[in-house]
S.K.: 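Okay, handing you the structure first.
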Amino acid sequence: MIYPTIAELTHGKFNRYELVVAVAKCARMVTDEYVEQRNEAQRMIDNRETDRPLSALISRDYQDEKAVKIAIRRLKEGRYIMHHPVHEDDDYSEQ
């Protein structure tokens, strides 16, 4: 059985296809956050601002889990919220 269930994530307001789109968009945001952290860490190493390894400068959340799993967790915790769009550009939001 998959945890959390589709019903838990959508609260009965959205269908599974809308859920897939929301998870994909959130996972993309997670990936962008990881890339930003990695670039900043690499810049610090290149400028000799730190002697720590690259892996120590990146948040463990991004290292230990896949972006989709993080996105699902954010939806479950309410940190990323799905809502019915008023405009096509405003499908989803992060809190």
Side-chain angles (χ1 to χ4, degrees):
M1 186 163 152
I2 299 172
Y3 181 81
T5 65
I6 292 172
E8 288 176 327
L9 292 173
T10 62
H11 305 290
K13 298 178 186 175
F14 303 92
N15 64 41
R16 71 182 81 190
Y17 304 104
E18 291 171 315
L19 176 63
V20 168
V21 171
V23 169
K25 287 185 177 191
C26 186
R28 185 57 174 170
M29 290 172 36
V30 168
T31 301
D32 290 345
E33 291 167 8
Y34 167 77
V35 169
E36 186 177 314
Q37 275 192 15
R38 184 177 171 90
N39 289 340
E40 179 63 22
Q42 189 63 49
R43 184 197 61 76
M44 290 174 65
I45 291 170
D46 292 345
N47 292 338
R48 300 184 191 271
E49 295 175 22
T50 184
D51 58 346
R52 297 171 58 195
L54 182 66
S55 61
L57 297 171
I58 298 173
S59 172
R60 282 190 175 264
D61 290 338
Y62 299 114
Q63 294 177 15
D64 296 340
E65 294 183 10
K66 304 270 185 196
V68 171
K69 190 170 183 177
I70 295 170
I72 290 170
R73 185 171 18 104
R74 286 183 181 183
L75 273 168
K76 174 91 171 98
E77 294 171 352
R79 293 174 37 202
Y80 187 80
I81 298 173
M82 297 173 55
H83 57 84
H84 288 287
V86 176
H87 302 287
E88 288 183 359
D89 297 336
D90 298 328
D91 292 346
Y92 311 95
S93 64
E94 185 170 9
Q95 287 189 336

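Throughout, numbering of the chain's residues begins at 1 and tracks the sequence.
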S.K.: Going by heavy atoms in the side chains, are Y80 and V23 under 4.5 Å from each other?
M.R.: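 With C-beta onward as the side chain, the pair stays apart.
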S.K.: Would you call M82 and L19 a side-chain contact if the rule is heavy atoms closer than 4.5 Å?
M.R.: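 They are in contact (side-chain heavy atoms under 4.5 Å apart), so the answer is yes.
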S.K.: Hey, could you give me the CD1/CG distance between I58 and D64, rounded to the nearest 0.5 Å?
M.R.: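 One gets 11.5 Å once the value is rounded to the nearest 0.5 Å.
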S.K.: Testing the basics here: between V30 and R74, what is the closest heavy-atom pair and its distance to 0.1 Å?
M.R.: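 Closest heavy-atom pair between V30 and R74: CG2-NH1, 3.5 Å.
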S.K.: Could you report the tightest heavy-atom contact between A27 and A71, atom names first, then the distance?
M.R.: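 Minimum heavy-atom separation between A27 and A71: N-CB, 3.6 Å.
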S.K.: Please step through side-chain contact (heavy atoms from CB on, under 4.5 Å) for the pair N15 and T10, ending with a clear verdict.
M.R.: CA-CA 7 Å; N15 64 41; T10 62; over 6 Å; no
S.K.: Taking all atoms of both residues into account, what is the closest heavy-atom pair of L9 and L75, and its distance?
M.R.: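 Heavy-atom minimum between the residues: CD2-CB, 4.0 Å.
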S.K.: What about V68 and F14, same hydrophobic cluster or not, with Ile/Leu/Val/Met/Phe/Trp/Tyr joined at side-chain heavy-atom distances under 4.5 Å?
M.R.: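 V68 clusters together with F14.
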S.K.: Output the distance between atom CG (L54) and atom CE (M44), rounded to the nearest 0.5 Å.
M.R.: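 Rounded to the nearest 0.5 Å, the CG-CE separation comes out at 10.5 Å.
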S.K.: With rounding to the nearest 0.5 angstrom, report the OH to CG distance, Y34 to D61.
M.R.: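 That separation rounds to 13.0 Å.
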S.K.: Atom SG of C26 and atom CD1 of I81: how far apart are they, to the nearest 0.5 Å?
M.R.: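 CD1 of I81 is found 11.0 Å from SG of C26.
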S.K.: Under the rule for side-chain hydrogen bond (donor to acceptor under 3.5 Å, both in side chains), what residues qualify as partners of R73, not counting sequence neighbours?
M.R.: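 With sequence neighbours excluded, R73 shows a side-chain hydrogen bond (donor to acceptor under 3.5 Å, both in side chains) to E65, given in chain and number order.
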S.K.: Are V20 and I6 co-members of a hydrophobic cluster defined by side-chain heavy atoms under 4.5 Å apart?
M.R.: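 No, separate clusters.
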S.K.: Return the CD1 to NZ distance between I72 and K66, rounded to the nearest 0.5 Å.
M.R.: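 One gets 13.0 Å once the value is rounded to the nearest 0.5 Å.
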S.K.: My understanding is that only residues two or more places apart in sequence, or in another chain, count here; which of them pass side-chain hydrogen bond (donor to acceptor under 3.5 Å, both in side chains) with Q37?
M.R.: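 For Q37 there are no side-chain hydrogen bond (donor to acceptor under 3.5 Å, both in side chains) partners, ignoring immediate neighbours.
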S.K.: Sorted by first residue and then second, give each salt bridge (charged side-chain N to carboxylate O under 4.0 Å, His left out) pair with at least one member in residues 35-47; sequence neighbours left out.
M.R.: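 For residues 35-47, and leaving out neighbouring residues, the salt bridge (charged side-chain N to carboxylate O under 4.0 Å, His left out) pairs sorted by first residue read E40-R43, R43-E49.
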